[in-house]
Amino acid sequence: MTAITSLPRRAARFGGPTYDERNALVLIAPLATVLFAVAVFPILYSFYISLYGLKLTRPHRVPFVGLENYVTVLTDPQFWEAVGRTAAFSVMSVAAVAVIALLAALLLNEEFPGRRVLSAVLLVPWAIPYVANALMWKWIYDSNYGALNGLLYQLDFINSYMVWLGDADKTLALIANAFVWKEVPLAVILLLVGLKTIPADLYAAAKVDGANALQRFLHVTLPALKSSFALVIVYETMMAIRHFDLFFILTEGGPGDASHVVAWRIYVETFRNLNFGLGAAMSYILALATLALAYAVIRALAQRI
Amino acid sequence: MAGPSMADPTAAARAVRQARIRSRAGRVGRGLILLVASLVFLGYTLAPVVWLVSSSLQNEREIVSKPPHWIPHEPTLENFAAIFTAREKTVTYETRRAADPASGGFIPSTASNLLPALGNSLIVACAVVVLNLLVGVPSAYAMAKIRFRGRSASIYGILATRVIPDIALVVPFFLFIRNLGLLDSLWSLIITYLAVTVPFSVFILVSYFESLPDELDKAARVDGCSRWQTMTKVYVPLALPSLVAVMLFAFLASWNEFLLALMFTQTPKSQTLPIIVASFTSDFTISFSFINAAGVLAIVPPVLLALIFERYIVSGLTAGAVKG
């Protein structure tokens, strides 16, 4: 943010608030109030709750349990299985988003008639509500009348209709597919920003040096996209780890425990078992893990660039 | 170009012709690749949606055909009619049993909640848009144009609130909303959606305000404008594109939100469209064509907005990318 330093040095460095600082305070006050009440306070309150055995099934007895909720969560093998599923879902999804978005961004970076139409169409999955997306894929995956079965059957890939979401081996991948479909557009837009910053001279120079299309892609395009990719990977990983809507509508954690991810576990523990203390502890672990992961990825990429 | 010597005119002409043929072949090849890639892209992006729309236009008899009718043989608007007339009908076990499956009669008992939910979604989304502007614009202006201590820290601090997953905030959110007595009211959604959307709004606005020259600020202040007047009379009119982007993002985020609405709403009084649509998907006796029509109803407003304001959305999203 270069603009910050270019601002006129109006305010005094030390001493009490200047006239302008008081102005700024007034202008920022509404935002500060909202964010404090509905973001900062809940984050702190969440930690406080996680230290208590708050269960809505016995609202009048709320014992202080210290870190016991955290111990319960972290020593529960089912929690770690859920962590494994969340990790598998996230890795699958983010990898697929990165690859598909790169291909689409390369296409949309070319000049050709119809490109404008494609860029408009790109926004359709982005704009669709997750609930409608979930409903759409649930219908596509339907084992009796779904489009996936119909298509594969008509193309002779399968001899009879198959069970899709109900098959524990396929569930996570199918949910990831629905997630990827909706997340690709944003990633494409972010990658296109990176592609647009590559000067045409670089390609011309590489051509003169005798680099073929693949070499130009590997040695000019990909390195230039590094920071855009970093953004896509950090953002999409955060989205995948916290994702809830598709799990709720497509499978409710099933079949069996096949799609029982951490986000789903927090929901079940909190709103079905009404164990708020345990839910808050799990939430805190998830939030800290997300922060740590985002920080680690950004640090790692910042060092490489 | 090595090879034919330029002294030999026929050889030179031949070389030029060959180069031209090669470049024409290259152009055709490029065109073909682009065409195939475009078709794959269109298929991947649109096919699922087209199939949803197609199945919303089929009646209950047609929708269960094997293999599916990709294009409805007898397109019908009955499913949409059912949504818009659901209020007058009372659905009971008997009427559901008696309904002819072929006419798409299996409409759910909660079908009459669809239209009120649509209204709730609209009210919440519009309120969140207005509040985003009221809260976001002044603070973004202050952060972009007024120098004060802790300025850049506050920008990053605001964005950092969005790193925490919503699912991790549901417990404190729920208790907070319950203690305010706002459970099952639209206010619970408006307040929390505002907190969820406003960081990104401020971020877009700060980026945009920063790109406007500081001289405007000075000139207006020399002319005797207060900070407030400088903001409303000078910067807000110039920042219109970013305001449109902010309004769109706030609207779409509120229209599409599911998790928080699932926590806070309990009755049709406050339930939004995603909640009602989601409730259909867990009822296996409901006609697929009816559910699909409800799905189409939920995607039409956001998709239309996105297509109409494509330019603003892309510039808003890329503002984040360039800075971030």
Side-chain angles (χ1 to χ4, degrees), chain A residues 3-4 7-8 10-11 20-21 23-24 27-28 30-31 34-35 38-39 42-43 45-46 49 104 107 110 112 114 118 120-121 123-125 127-132 135-136 138-140 145 147 150 153-154 189-190 193 231 242 244-245 249 263 266 270 276 279-280 283 286-287 290-291 294, chain B residues 34 37-38 41-42 45-46 48-49 51-52 64 67-68 135 138-139 141-142 146-148 152 158 161 163-165 167-173 176 191-192 194-195 198 210 214 227 252 256 258-259 274 277-278 281 288 291-292 295 298-299 302-303 306-307 310 313-314 317-318 321-322 324:
Chain A
I4 290 173
L7 268 181
R10 224 180 261 134
D20 249 0
E21 280 186 323
N23 264 327
L27 291 172
I28 292 177
L31 176 72
V34 169
L35 286 184
V38 203
I43 292 167
Y45 190 38
S46 183
I49 298 166
L107 173 66
E110 297 288 322
F112 60 95
L118 294 195
V121 164
L123 283 183
V124 170
I128 286 179
Y130 251 112
V131 168
L135 167 153
M136 186 177 87
K138 190 171 192 174
W139 170 228
I140 290 174
Y145 313 112
Y153 184 76
Q154 280 186 324
I189 291 170
L190 298 181
V193 175
L231 189 61
R242 68 181 62 176
F244 171 79
D245 300 6
I249 293 171
I266 292 175
T270 311
F276 275 45
S283 303
L286 179 72
T290 311
L291 279 174
Chain B
L34 286 177
S38 301
F41 175 88
L42 280 178
T45 314
L46 283 187
V49 186
W51 171 235
L52 182 75
V64 295
V135 171
S139 46
Y141 167 75
I146 304 180
R147 196 179 173 81
F148 60 92
S152 57
I158 288 165
T161 61
V163 178
I164 311 286
I167 184 88
L169 291 175
V170 293
V171 175
F173 267 4
F176 176 71
I191 294 172
T192 46
L194 174 65
V198 83
E210 276 183 350
D214 289 338
R227 278 286 176 199
L252 291 176
N256 296 355
F258 175 66
L259 176 65
V277 171
T281 61
F288 280 115
I291 296 180
N292 290 328
I299 69 174
V303 167
L307 293 180
E310 183 209 345
I313 290 174
V314 172
L317 290 175
T318 47
V322 174

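What you are looking at is a predicted structure, and each value in this text was computed from that prediction instead of being measured. Basis for what follows: all heavy atoms, side chains included, without hydrogens, waters or symmetry-related copies.
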J.: Could you grab the distance from atom CG of B:Asn292 to atom CE of A:Met136, nearest 0.5 Å is fine?
T.: 10.5 Å

J.: Where on B:Ile167 is there a heavy atom nearer than 4.5 Å to chain A: the side chain, the backbone, both, or neither?
T.: both

J.: If you define the side chain from C-beta out and look only at heavy atoms, does anything of B:Pro68 sit under 4.5 Å from B:Trp51?
T.: yes

J.: Where is the tightest heavy-atom contact between A:Asp245 and A:Tyr130, given as atom of each residue plus distance?
T.: OD2-CB, 3.4 Å

J.: Relative to chain B, which segment of A:Ile128 carries a heavy atom at a distance below 4.5 Å: side chain, backbone, both, or neither?
T.: both

J.: Could you have a look at A:Ala39, A:Pro30, A:Ala24 and say which one has the most heavy-atom pairs with chain B under 4.5 angstrom?
T.: A:Ala24

J.: Look up atom CG in A:Leu27 and atom OG in B:Ser139, then write down how far apart they are to the nearest 0.5 Å.
T.: 8.0 Å

J.: Counting heavy-atom pairs under 4.5 Å with chain A, which one of B:Val303, B:Thr45, B:Leu34 comes out on top?
T.: B:Thr45

J.: What part of B:Leu307 gets closer than 4.5 Å to chain A, counting heavy atoms only: side chain, backbone, both or neither?
T.: side chain

J.: Check A:Ile249 against A:Leu135 and note the closest heavy-atom contact, atom names and distance.
T.: CG2-N, 4.5 Å

J.: Quick one: what part of B:Thr192 sits under 4.5 Å from any heavy atom of chain A, side chain, backbone, both or neither?
T.: both

J.: In terms of heavy-atom pairs under 4.5 Å, which option from B:Ile191, B:Val198, B:Val170, B:Ile313 contacts chain A the most?
T.: B:Ile313

J.: Under a 4.5 Å heavy-atom cut-off, does chain B meet the side chain of A:Leu118, its backbone, both or neither?
T.: both

J.: Could you list the residues that satisfy side chain to side chain contact (heavy atoms under 4.5 Å, CB included) with A:Ser46, not counting sequence neighbours?
T.: A:Ala280, A:Tyr284, B:Pro172

J.: Using the test side chain to side chain contact (heavy atoms under 4.5 Å, CB included), find all partners of B:Pro302 that sit at least two apart in sequence or belong to another chain.
T.: A:Ala127, A:Pro129, B:Leu252, B:Trp255, B:Asn256

J.: If I compare all heavy atoms of B:Arg227 with all of A:Asn23, which pair ends up nearest, and what's the gap?
T.: CG-ND2, 3.3 Å

J.: Tell me, for A:Leu31 versus chain B, whether the close heavy atoms (under 4.5 Å) come from the side chain, the backbone, both or neither.
T.: both

J.: What residue, out of B:Ile158, B:Val171, B:Leu42, has the most heavy-atom pairs lying under 4.5 Å from chain A?
T.: B:Val171

J.: Pick whichever of A:Ala120, A:Ala287, A:Gly279 has the most heavy-atom pairs under 4.5 Å with chain B.
T.: A:Ala120

J.: Identify which of B:Ser38, B:Ala37, B:Gly295 forms the greatest number of heavy-atom pairs closer than 4.5 Å to chain A.
T.: B:Ser38

J.: Which bit of A:Phe276 is near chain B, if near means a heavy-atom gap under 4.5 Å: side chain, backbone, both or neither?
T.: both

J.: If we only count heavy atoms from C-beta on, is the B:Thr161 to A:Ile43 side-chain gap below 4.5 Å?
T.: no

